[in-house]
Protein chains: 2
Amino acid sequence: MVDSVETRERRPLSRERVLRAAVELADREGVEAISLRRLGQELGVEAMAIYRHVRDKDDIVDGAVDAVVGEIEVGEPSEDWQAAMRALAMAARSVMLRHRWAPAVIVTRQNVGPAMLGQIERVLQILRRGGFTIDAAHHAVHVLGSRILGFTQDPFNDSAQASGPQPPPDEVVRAFAPYPAVAELAVAARHDGALGGCDDDFEFEFGLDLVLDGLDRRRASASD
Amino acid sequence: MVDSVETRERRPLSRERVLRAAVELADREGVEAISLRRLGQELGVEAMAIYRHVRDKDDIVDGAVDAVVGEIEVGEPSEDWQAAMRALAMAARSVMLRHRWAPAVIVTRQNVGPAMLGQIERVLQILRRGGFTIDAAHHAVHVLGSRILGFTQDPFNDSAQASGPQPPPDEVVRAFAPYPAVAELAVAARHDGALGGCDDDFEFEFGLDLVLDGLDRRRASASD
DNA sequence: ACCTGAACACCGTTCAAGT
DNA sequence: ACCTGAACACCGTTCAAGT
C-alpha cells in the first residue's frame with residue numbers, strides 16, 4: 001500500500017481535500033454552512049490556510065458542485081438514445097438526491113467545471129448518435145437543462161456573458177479538445193459566442209412548446 | 001390627490017416599502033446585496049428599525065420574490081388552454097428578465113407566498129378548463145415548474161415537508177378559499193399531504209418522458 | 001409606539017509575521 | 001514553503017435604552 005487512505009486523508013491540505021470537506025459539510029448542514037472558518041475547523045487548520053489551495057469562497061462552492069456532478073455514474077450508453085438519456089437522467093437524479101443542496105446552487109452559478117462539461121459532452125454524444133442535428137442537439141440540451149439533469153444551468157440565463165473579443169475557432173477547438181461534441185457545438189454556435197451564446201428567446205419558446213405539446217397529448221390520451 | 005406618491009413613498013416605514021426597496025436593490029446589485037444594514041441605508045433608517053416590519057432576512061427575500069411574481073400581468077385567459085398557458089409563460093418570462101436574480105432564488109426557497117399561490121391557481125384553472133383531470137393538471141404544474149414559468153419551486157424537492165399532523169380537509173379548504181383550484185388539488189392529493197406532498201419519483205419520470213417524447217418527435221420531423 | 005446604540009457571534013479576505 | 005494572528009470591513013439578530 002503505497003498511498004493509504006490515511007495518508008491521503010490526513011496531513012497535506014489540498015484542493016481536493018477542501019472540496020471533499022465542503023461537499024460533506026453541505027450534505028450535513030446545507031450550503032449556507034460552508035464558510036472558510038468552518039471548513040478550516042473541519043479540516044483541523046486555520047481558515048486562512050485554505051487560501052493556499054483555492055482562489056476564494058466561490059471557487060470552493062463551484063468546485064464542490066463540480067465534484068458532485070462528477071459522482072454521476074456513467075456506464076457505456078445504450079444504443080437507443082432515449083434509453084441512454086433516461087439512464088443518465090436517473091443517475092443524475094440519484095446523485096442530486098444525495099446532495100440536495102446541489103441543484104439550487106447549480107442553477108445560481110454560471111460556472112461550468114470539467115465534470116459538468118464532461119456530462120454535457122456525454123449528452124451531446126448520445127443525441128448526435130441518436131440522429132440529432134447539431135442544432136436539434138443544442139436545443140435538446142437546453143430543454144433537458146437543470147430541471148431534468150440537475151447539472152446544467154440555464155433558466156433565464158443572460159447569454160450576454162460570451163461577448164467581447166472572440167478567440168479564433170481553432171483556439172476554441174483546442175480548449176475543448178477533451179470534449180469534441182461540445183467543441184463542435186461551440187464552433188457551430190459561433191455566430192454569437194461559444195456555448196451559452198444562443199438565442200435565449202428561441203430556446204425558451206422551443207422548450208415551452210415542447211412541453212405544451214406533450215401535455216396536450218397526455219391530456220388527450222387520458223380523456224379518451 | 002388624497003394619497004400622493006410622495007407621501008406613500010416617504011415617511012412611515014412599512015413592510016411594503018421594505019420589500020420594494022429589496023427588489024430594487026436586487027435588481028441593481030443582485031440578491032447578495034440585500035442586507036438589513038444596506039436596506040436600512042437605502043430607506044434612510046437604522047437597520048434594526050426594519051425588524052419592526054419583517055420577521056427576519058428570509059422574510060424579506062421571500063417577500064421580495066412574491067412581489068416579483070405579483071408583477072406578472074394577467075389578462076383574462078384565452079379560451080384555448082395552450083394559448084392561455086403560452087401567454088402566461090411569456091408574461092412570466094418577461095417579468096423574470098426584469099428581475100434576473102428571481103428565478104434562482106425561487107428555486108432555492110420552498111416558501112409559497114400569496115402571489116405565487118395566485119399564479120398556481122391561475123395555471124390550474126387554465127388546465128382544468130382545458131379538459132385536464134385533477135391528476136393531469138397536477139403533473140402539468142410540476143412539468144411547467146420553475147423552468148418554464150419561473151415561479152414554481154420544485155427541482156428535486158424533498159416533499160417530506162408536509163408530514164406531521166394533518167389539518168382536516170375542510171380546514172385546508174378554508175385556508176385556500178381564495179384559491180379554489182389549488183384547494184381542490186390539495187384535497188385530492190391528500191393521501192400524502194396538501195400540495196407538494198406527491199410522488200416525486202413519479203413527477204420526475206413523467207416530466208422526463210414528456211421531454212424525451214417531445215425531443216424524439218422533433219428529431220424525427222427535422223430529419224424527414 | 002417607534003426607532004437607535006451597543007453588543008454578540010459570526011462572515012470573506014489581506015498581509016505581515018512566524019516556523 | 002506553508003501556516004497563523006491580527007486586522008478590516010462587513011454580516012444577522014437581540015435588547016436595553018432613548019424619544
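Worth knowing before you read on, the calculation uses all heavy atoms, side chains too, and leaves out hydrogens, waters and symmetry mates. Letters go in sequence order (proteins before strands), and every chain restarts at 1.
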Side chain to side chain contact (heavy atoms under 4.5 Å, CB included) with Arg52(B): which residues, sequence neighbours excluded? none
Side chain to side chain contact (heavy atoms under 4.5 Å, CB included) involving Ala91(A) - partner list, sequence neighbours excluded: Ile72(A)
Sequence neighbours excluded, the answer for salt bridge (charged side-chain N to carboxylate O under 4.0 Å, His left out) partners of Glu46(B) is none
Compute the centroid of each ring, for Phe202(B) and then for His139(B), and state whether the two points are separated by less than 6.0 Å. yes
According to salt bridge (charged side-chain N to carboxylate O under 4.0 Å, His left out), who are the partners of Asp62(A), at least two apart in sequence or on a separate chain? Arg109(A)
Can you tell me how far C1' of dC11(C) sits from CD of Gln41(A), to the nearest Å? 14 Å
Holding to side chain to side chain contact (heavy atoms under 4.5 Å, CB included), I want the full list of residues that pass it with Ala64(A), two or more places apart in sequence or in another chain. Ala22(A), Val23(A), Trp101(A)
Atom CG of Leu39(B) and atom C1' of dC10(D) are separated, to the nearest Å, by 16 Å
Is there any salt bridge (charged side-chain N to carboxylate O under 4.0 Å, His left out) pair reaching into residues 25-34 of chain A, and which pairs are they, with sequence neighbours excluded? Arg28(A)-Glu42(A), Glu29(A)-Arg38(A)
Rounded off to whole Å, could you give me the CD-to-P distance for the Glu32(A) and dC11(D) pair? 16 Å
Per-nt protein contacts along nucleotides 12-19 of chain C (heavy atom under 4.0 Å; B base, S backbone sugar-phosphate only, - none) come out as BBB-----
Return the value, rounded to whole Å, for the distance between atom CG of Leu13(A) and atom C1' of dT4(D). 13 Å
Can you sort out the partners of Ala87(A) under side chain to side chain contact (heavy atoms under 4.5 Å, CB included), two or more places apart, ordered by chain and number? none
Consecutive-pair stems (3 or more, Watson-Crick or G-U, under 3.5 Å) for DNA chain C: C:4-8 with D:12-16, C:12-16 with D:4-8
